Amino acid sequence: MTSAGSSDVVARLRAAGCVFAEDEARLLTEAAAETGVALESLVAQRVTGSPLEHLLGWAEFRGVRVVVSPGVFVPRQRTAFLVDRAVELIHAGAGHPVVVDLCCGSGALGLAAATSAAAEGRPVTLAASDIDPVAVECARKNLTPLGAPVYEGDLFEPLPEELRGCVDILLCNTPYVPSEMIARMPPEARDHEPRTALDGGPDGLDVFRRVAAEAADWLSPGGHLLVESSENQAPLALAILAEHGLDGLVAESEEHYATVVIGSRPR
């Protein structure tokens, strides 16, 4: 692409509200060269709101390149904080940990946690599940190379029975946006990501409640459930965990603007 052409792409992206227009122009140009898709087509889709990650076919998450297909939830950078906490808990435990990525979407959380733990000498047994067949297909592209199965179904329903009572780390990025707030989300999320990955019901905690109700049956003694929430939702989330016999705590990160609620099964 010529310098003049590059400047034009940057200008169009910036006019569309892309904060990192120069970086996006470079990435889209590289994607066009690698895939054979016309740069003009990619730019046109981006300026009308398509997520950059869907156009590139991948997202960078916690140092790992994650395949992200159109129609699949794009992993948020703030969720790296949840993975950080999970990896700490993996290292604090004993034996060979079992990790499940529930509501897995692209499988980004499980992929990042397993990759990081293995790099630090703590390989894990990983499995994942999601109710959306498009997400399941995408997650399999990311997790099959690790030997991790991805099951299709509603929450715990598709998991094999042998995992019951054996899960040491349960990663669960449940949708937590209150229904009435969906309309206020950026168009690239609201219009291009599945509603089931965003809408958490009236107070944002509907799916979390369902997970908390069954988590103790699937966690090993001393096992941990990690869920992202908003800061305002955290007190109610702790109360829900307590109702179902889980010891709760809240971890917060100013750097990532992230809140993680952790529920632990007593030993």
Side-chain angles (χ1 to χ4, degrees), residues 13 16-20 23-24 27-28 31 35 37 41-62 64-83 101-112 128-143 150-155 171-208 210-211 226-230 233 256-260:
L13 293 172
C18 300
V19 177
F20 302 104
D23 290 338
E24 292 199 13
L27 290 169
L28 290 172
T35 64
V37 177
S41 174
L42 295 176
V43 174
Q45 292 178 74
R46 181 61 181 136
V47 300
T48 56
S50 293
L52 176 67
E53 295 82 0
H54 287 170
L55 299 175
L56 300 178
W58 56 269
E60 189 78 19
F61 179 72
R62 205 175 176 275
V64 178
R65 182 172 285 198
V66 181
V67 174
V68 179
S69 305
V72 175
F73 181 80
V74 176
R76 308 313 199 236
Q77 294 307 313
R78 64 174 174 271
T79 310
F81 179 65
L82 185 153
V83 176
D101 187 354
L102 205 65
C103 303
C104 69
S106 66
L109 274 64
L111 176 64
S129 74
D130 200 285
I131 195 171
D132 183 352
V134 178
V136 168
E137 182 180 356
C138 181
R140 285 174 177 160
K141 294 176 182 177
N142 288 306
L143 300 184
V150 183
Y151 303 99
E152 182 181 336
D154 187 24
L155 298 181
L171 309 170
C172 194
N173 195 13
T174 58
Y176 63 91
V177 179
S179 299
E180 67 177 11
M181 299 298 293
I182 297 293
R184 304 183 191 180
M185 294 187 71
E188 62 184 51
R190 184 185 67 232
D191 298 337
H192 296 275
E193 294 180 323
R195 179 81 177 227
T196 54
L198 303 173
D199 192 340
D203 64 359
L205 295 176
D206 278 5
V207 181
F208 173 80
R210 295 180 57 212
V211 172
L226 295 92
V227 182
E228 191 172 84
S229 78
S230 71
Q233 291 166 329
H256 292 92
Y257 302 100
T259 299
V260 173

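Residues take their numbers from the sequence shown, with the count starting at 1. The structure presented is a predicted model; accordingly, all values stated were derived computationally and were not measured. Side-chain atoms are counted along with the backbone in the values below, which use heavy atoms only and exclude waters and symmetry mates.
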Would you compute the distance between atom [atom1] of [X] and atom [atom2] of [Y] and round it to the nearest 0.5 angstrom?
X	Y	atom1	atom2	answer
C104	L171	SG	CG	10.5 Å
L82	L109	CG	CG	5.5 Å
L55	S41	CG	OG	8.0 Å
L52	L56	CG	CG	4.0 Å
Y176	T259	OH	OG1	7.5 Å
R62	L111	CZ	CG	10.5 Å

request  = Report the residues that fulfil salt bridge (charged side-chain N to carboxylate O under 4.0 Å, His left out) with D203, sequence neighbours left out, ordered by chain and then residue number.
outcome  =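 Here the qualifying residues are R209.
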message = I'd like to check the salt bridge (charged side-chain N to carboxylate O under 4.0 Å, His left out) partners of D154; sequence neighbours left out, ordered by chain and number.
response =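 D154 satisfies salt bridge (charged side-chain N to carboxylate O under 4.0 Å, His left out) with R210 once adjacent residues are dropped.
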Counting only N and O atoms by type, is there a donor-acceptor contact under 3.5 Å from the side chain of [X] to the main-chain atoms of [Y]?
X	Y	value
E137	P133	no
N142	V66	no
R190	M185	yes

Carboxylate-amine/guanidinium proximity below 4.0 Å for E228 and R76 =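 No, E228 and R76 are not salt-bridged.
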With a 4.5 Å heavy-atom cut-off, do [X] and [Y] have their side chains touching?
X	Y	result
V227	C172	yes
L155	C103	yes
V207	T196	no
F73	D132	no
D130	L102	no
V83	F61	yes
L13	V47	yes

Testing the basics here: between [X] and [Y], what is the closest heavy-atom pair and its distance to 0.1 Å?
X	Y	answer
G105	A139	O-CB, 3.4 Å
D199	S179	OD1-OG, 2.6 Å
V68	C138	CA-SG, 3.9 Å
V74	P51	CG2-CB, 4.3 Å
G110	L143	C-CD2, 4.5 Å
P187	H192	O-CD2, 3.7 Å

query = Is it the case that more than 12 heavy atoms not belonging to E152 sit under 6.0 Å from its CD atom?
reply =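 Yes - once you tally the heavy atoms of other residues, nucleotides and ligands closer than 6.0 Å, there are more than 12.
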request  = Run the numbers on D101 and V150 for side-chain contact (heavy atoms from CB on, under 4.5 Å), then give the verdict.
outcome  = CA-CA 9 Å; D101 187 354; V150 183; over 6 Å; no
key: Qualifying residue, where the test is side chain to side chain contact (heavy atoms under 4.5 Å, CB included) with V72 and the options are P75, P70, S69   =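 The side chain to side chain contact (heavy atoms under 4.5 Å, CB included) with V72 is passed solely by S69 among P75, P70, S69.
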request  = Under the side-chain contact (heavy atoms from CB on, under 4.5 Å) rule, what do W58 and R65 come out as? Steps first, then yes or no, please.
outcome  = CA-CA 6 Å; W58 56 269; R65 182 172 285 198; 3.4 Å; yes
